[in-house]
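Lettering follows sequence order; numbering is per chain, from 1.
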Number of protein chains: 2
Amino acid sequence: MSRAVMPPDVVVRRLPLYARSLRYLLHEGVLSVSSQELGDRINVTAAQIRKDLSYFGEFGKQGIGYDVERLLEQIDQILGLDRSWAVALIGAGQLGEAIVRYEGFRAQGIHIAAVFDANPDKVGKPLGTIVVQHSDSIAQTISARGIEMAIIAVPADRAQGVADVLINAGVRALLSYAPTVLQVPAGVWVRYIDPLSVLHSMTFYLARGE
Amino acid sequence: MSRAVMPPDVVVRRLPLYARSLRYLLHEGVLSVSSQELGDRINVTAAQIRKDLSYFGEFGKQGIGYDVERLLEQIDQILGLDRSWAVALIGAGQLGEAIVRYEGFRAQGIHIAAVFDANPDKVGKPLGTIVVQHSDSIAQTISARGIEMAIIAVPADRAQGVADVLINAGVRALLSYAPTVLQVPAGVWVRYIDPLSVLHSMTFYLARGE
DNA sequence: TAGATTGTTAATCGATTAACAATC
DNA sequence: TAGATTGTTAATCGATTAACAATC
């Protein structure tokens, strides 16, 4: 369990799923869980869970399994969720509004700290509990407040420009809802939410009767 | 290029990205593109694009590249996007509303054909251009209209129940926004939109300074 | 023709799974 | 103690990349 080895990204992406499932188990009052039981819940093999966790340390007990509360705490800590991260939202349209109001985002380690839009009609008005600022002030606000994460919810043709400004201001992780691939320098993380592509990859199978 | 070999799912998932990039190229008036040029746009290697396409046939010309319009047509056809797919949306809350109104969904091969909600206050009222039906009528409507795809936008604790009803009524592809892993029988496709997990997998890197 | 780029094969790389000694 | 389950190693599987003959 040499903690020096950087875990593959595919492993890091699974950790939040483990954490979520453990959170449900905790709510259900389950105290202990085996890799097999946890795997059954989220359709992952027991071996994979144990292997994944082994990148970060030893968390279980032979013959017993894992203490739900303790493992959850450990994973949250590994993911950096023992603190809260300020996230900027760019785009206060229909989508941005849904994101702000979506309660899920108010949970675990994430909070939307600033909202920006280029439309003067939106600027100065509250979206949920946050007053929308003009996009011209992105750089200044992000820098001043040391915000490191941002959600991009602007049209595709504006996404790259917004990303450039954000990165320049110090943002190091982007979640983009815009249907375009962003070019970013090394050291900046980008992930996409792309429901249309996901649907399109399923029509493939339906079109040929599975 | 034996078309008999089923392409890996990871390849199928990339096809929509190729199609989208080609669509942008088409709008830009670009007539021909090489695997290298296409790859540069979407951060994929040229070899991967050529290999991916080879699962489905031969679409390029040596020394030249690919005809943008023709390749786009071919990929759309492979993905089953030469027709339009009726999709049911379950959940007419904040999220469901954003999904209905999101113009992206009105494009390429997908249209939302029915919306359901369990809240009597929402039933009978229009969401965008569609009148919300009660969740009790999911099975009947889906069966009667032969709908094969559905988007789940209900709270986590209702998602599995909704999935069960949908699958029973003949749905074979689910896109779920609910933060829970669904159990489905073989032959049913499920994909997830999970922005919170995505953010959580990036805090991992930020927390340790990349 | 010379230059460019495909489609495909083989080599490499990486991720998943199986197996089992250690041990609770 | 006997049974269960971990953490880890080795084997397997699958995906990506490199290389190049074919050919436009």
Inset, instruction - Please state how far atom CD1 in A:Ile49 lies from atom C1' in C:dA15, giving the value in whole angstrom units. - result: 16 Å
Inset, instruction - For DNA chain C, write out the stems as range with range, using runs of 3 or more consecutive Watson-Crick or G-U pairs with both distances under 3.5 Å. - result: C:3-24 with D:3-24
Legend entry - Closest to the A:Gln62 side chain, choosing from D:dT8, C:dC24, D:dT17: C:dC24
Inset, instruction - Check the side chains of B:Gln48 and B:Asp52 for a donor-acceptor pair under 3.5 angstrom, ignoring hydrogens and angles. - result: no
Legend entry - B:Arg50 vs C:dT6: side-chain N/O to OP1/OP2 distance below 4.0 Å: yes
Legend entry - Phosphate contact (D:dT16 OP1 or OP2) by B:Gln48 side-chain N/O below 4.0 Å: yes
Inset, instruction - For the residue pair B:Arg13 and A:Ser201, confirm or rule out a side-chain donor-acceptor distance under 3.5 Å. - result: no
Legend entry - OP1 or OP2 of D:dA15 under 4.0 Å from side-chain N/O of B:Tyr55: no
Inset, instruction - Verify the neighbour count for atom CD of A:Gln183: are there more than 12 heavy atoms of other residues, nucleotides or ligands below 6.0 Å? - result: yes
Inset, instruction - Starting at atom NZ of A:Lys51, determine the distance to atom P of D:dT9, rounded to an integer number of angstrom. - result: 8 Å
Legend entry - A:Gln133 side chain to A:Thr141 side chain, donor-acceptor N/O pair below 3.5 angstrom: yes
Legend entry - Phosphate OP1/OP2 of D:dT16 contacted by B:Arg14 side-chain N/O (<4.0 Å): yes
Legend entry - Flag for B:Tyr205-A:Asp9: side-chain donor and acceptor within less than 3.5 Å: yes
Inset, instruction - Could you tell me the separation between the CG atom of B:Asp9 and the P atom of D:dA15, rounded to a whole number of Å? - result: 9 Å
Inset, instruction - Starting from P on D:dG7, measure out to NZ on A:Lys61 and report it in whole angstrom. - result: 10 Å
Legend entry - Note, A:Asp76 side chain near A:Arg23 side chain (heavy atom, < 4.5 Å): yes
Inset, instruction - Considering just the side-chain nitrogens and oxygens of A:Thr45, establish if one lies under 4.0 Å of OP1 or OP2 belonging to C:dT17. - result: yes
